[in-house]
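Below is one structure. I have some questions about it.
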Amino acid sequence: MRHFITSLALGLLALTAPVARADSPVVVELFTSQGCSACPPADALLSQLADREDVIALALHVDYWDYIGWADTFASGQFTQRQNAYAHAAGQRMIYTPQMIVGGVEHVVGYEPMDVADLIARYRTVDYPVEVTLARGEGGLVLRAVATMALDSPGMVVQVVRYQPRETVEIGRGENAGRTVEYSNIVTEWLQVGEWSGAEPFELQLVDASPLPVVAIVQMAGPGQILGAARLD
């Protein structure tokens, strides 16, 4: 089933692709928790991915492990909702940690570094139909997206994400009690800033008072496949 979904996603991207390939890093989202004993290996894998220029690695800490006895210091119910939305879009009834979503489509449950590496390699070769750029100007942050496709209605969502590059946590209770874990690319803010059909270029200026790195992601609503992304450190 995973290979079928991959082929479908790559096919959809190819159908909407420009002749010249839009350069987009591969977006990898990790749903994780400080209270999950199976998560530290996946957290370490995400730290490795965070050092790659061709990958945008994002850690979304969920809150459904907090009842075990340790409240994740980065957790947000918004990220739990996002993971549930991915499950619903894929026709799945359950959610798990750790789980990685590659390209908005591929679901990898548990610690499976070879599967993740293979998927990243595949998504580095596809043609992305949306070119996304981020720049800082006098008035703040300028986000621009240009598509080589157009939908009948605004079926794409434009999102802005901020993350904390690194932080070390001493976990006092729960399944990981006594462990010190270093986390990378911890998402602190995930905002939808627009809906878009692609018929005209999308441009938005945002107040940029935060020192944190920022990412812009254009994705099919659902959430669905990621059509283009950019990062600004």
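When reading the values below, keep in mind they use all heavy atoms of this one structure, side chains included, and skip hydrogens, waters and symmetry mates.
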> Is any side-chain heavy atom of Val146 less than 4.5 Å from a side-chain heavy atom of Val130?
Replying inline: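 Side-chain contact under 4.5 Å: no.
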>> Any non-hydrogen side-chain atom of Val27 less than 4.5 Å from a side-chain atom of Ile217?
In response: yes
>> Any salt bridge linking Arg166 with Asp51? Criterion: basic side-chain nitrogen under 4.0 Å from a carboxylate oxygen.
In response: yes
> Leu30 and Pro98: which non-hydrogen atoms are nearest, and at how many Å?
Replying inline: CD1-CB, 4.0 Å
> Counting only N and O atoms by type, is there a donor-acceptor contact under 3.5 Å from the side chain of Ser210 to the main-chain atoms of Leu212?
Replying inline: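 Pair found, side chain donor or acceptor close to backbone of Leu212.
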>> Looking at every non-hydrogen atom in both residues, tell me the closest pair between Gly104 and Gln219 and how far apart they are.
In response: CA-NE2, 4.0 Å
> Are any non-hydrogen side-chain atoms of Met156 and Met149 less than 4.5 angstrom apart?
Replying inline: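 Result yes, sub-4.5 Å side-chain heavy-atom pair found.
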Please table the atom pairs, donor to acceptor, closer than 3.5 Å between any side-chain atom in residues 189-197 and protein atoms at least two apart or in another chain.
residue	atom	partner	partner atom	Å
Trp190	NE1	Gln159	OE1	3.0
Trp196	NE1	Glu200	O	2.7
Ser197	OG	Ala199	N	3.3

> Could you state the interatomic distance from CG (Asn84) to CZ (Phe31), rounded to the nearest 0.5 Å?
Replying inline: 9.5 Å
> Hey, does Gln81 have a side-chain heavy atom less than 4.5 Å from the side chain of Tyr86?
Replying inline: no
> If you round to the nearest 0.5 Å, how far is OG of Ser47 from CG of Asn185?
Replying inline: 8.0 Å
>> Looking at Glu131, I'd like to know if its CD atom is crowded, meaning that more than 12 non-hydrogen atoms belonging to other residues, nucleotides or ligands lie closer than 6.0 Å.
In response: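 Atom CD in Glu131 is not packed in, count stays at 12 or less.
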> About how many Å separate NE2 of His88 and CD1 of Ile95, when rounded to the nearest 0.5 Å?
Replying inline: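 The CD1 atom of Ile95 sits 13.5 Å away from the NE2 atom of His88.
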Distance-only donor-acceptor hits, side chain of residues 54-63, under 3.5 Å, sequence neighbours excluded:
residue	atom	partner	partner atom	Å
Asp54	OD1	Arg52	NE	3.0
Asp54	OD1	Arg52	NH2	3.4
Asp54	OD2	Arg52	NH2	2.9
His61	ND1	Asp72	OD1	3.3
His61	ND1	Asp72	OD2	2.9
Asp63	OD1	Thr80	OG1	2.7

> Between Leu46 and Met100, is any pair of side-chain heavy atoms under 4.5 Å apart?
Replying inline: yes
>> Give me the atom names and distance for the closest heavy-atom approach of Ile120 to Leu49.
In response: CD1-CD2, 3.7 Å
>> Hydrogens and angles aside, do Gln99 and Gln83 bring a side-chain donor and acceptor to less than 3.5 Å of each other?
In response: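 There is such a pair (donor and acceptor under 3.5 Å, judged by atom type) between the side chains of Gln99 and Gln83.
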>> Hydrophobic cluster membership, with links at side-chain heavy-atom distances under 4.5 Å among I/L/V/M/F/W/Y: are Val158 and Val142 in one?
In response: no
> Could you go step by step and tell me if Leu134 and Leu143 meet the side chain to side chain contact (heavy atoms under 4.5 Å, CB included) rule?
Replying inline: CA-CA 5 Å; Leu134 279 169; Leu143 187 165; 3.9 Å; yes
>> Consider side chain to side chain donor-acceptor pair (under 3.5 Å). Of Thr73, Asp66, Asp43, Asn176, which one does Gln34 pass it with?
In response: Thr73
> For Asp208, what residues pass the side chain to side chain donor-acceptor pair (under 3.5 Å) criterion, not counting sequence neighbours?
Replying inline: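 Side chain to side chain donor-acceptor pair (under 3.5 Å) check on Asp208 returns Arg136, Arg162.
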> Do you reckon Val116 sits in the same ILVMFWY cluster as Val126, going by side-chain contacts under 4.5 Å, direct or chained?
Replying inline: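 Yes: a chain of side-chain contacts under 4.5 Å links Val116 to Val126.
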> For Tyr111, which residues count as a side chain to side chain donor-acceptor pair (under 3.5 Å) partner, sequence neighbours excluded?
Replying inline: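 Side chain to side chain donor-acceptor pair (under 3.5 Å) check on Tyr111 returns nothing, list empty.
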> Do you know the tightest heavy-atom contact between Pro113 and Leu45?
Replying inline: CA-CD2, 3.9 Å
> What closest approach, in Å, do Ala38 and Pro41 show between heavy atoms, and which atom pair accounts for it?
Replying inline: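 Closest approach of Ala38 to Pro41: O-CD, 3.5 Å.
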> Under the side chain to side chain contact (heavy atoms under 4.5 Å, CB included) criterion, do Ile226 and Val218 qualify, and how do the steps go?
Replying inline: CA-CA 6 Å; Ile226 290 171; Val218 176; over 6 Å; no
>> Under 4.0 Å between a side-chain nitrogen and a carboxylate oxygen: does that hold for Glu29 and Arg82?
In response: yes
> For Asp233, which residues count as a side chain to side chain contact (heavy atoms under 4.5 Å, CB included) partner, sequence neighbours excluded?
Replying inline: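 With neighbours one apart ignored, the set is Tyr163, Pro213, Arg231.
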> Do the side chains of Val28 and Ile101 get nearer than 4.5 Å, heavy atoms only?
Replying inline: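 Sidechains of Val28 and Ile101: no contact.
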> Quick one: OH on Tyr64 to CZ on Phe79, what's the gap to the nearest 0.5 Å?
Replying inline: 13.0 Å
>> Connecting only ILVMFWY residues whose side-chain heavy atoms lie within less than 4.5 Å of each other, what is the rest of Phe74's hydrophobic cluster?
In response: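 Its cluster mates, by chain and number, are Trp70, Val169, Ile171, Val181, Tyr183, Ile186.
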>> Show the nearest heavy-atom pair for residues Trp65 and Gly35, with the distance to one decimal.
In response: CE3-O, 3.4 Å
> Is there side-chain contact between Gln48 and Ser184, with at least one heavy-atom pair below 4.5 Å?
Replying inline: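 Heavy-atom side-chain distance check fails, nothing below 4.5 Å.
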> Say you draw a straight line from CD of Glu170 to CZ of Arg179; how long is it, rounded to the nearest 0.5 Å?
Replying inline: 13.5 Å
>> So Val160 and Val215, do their side chains get closer than 4.5 Å, heavy atoms only?
In response: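 In short, these two side chains do not touch, never coming nearer than 4.5 Å.
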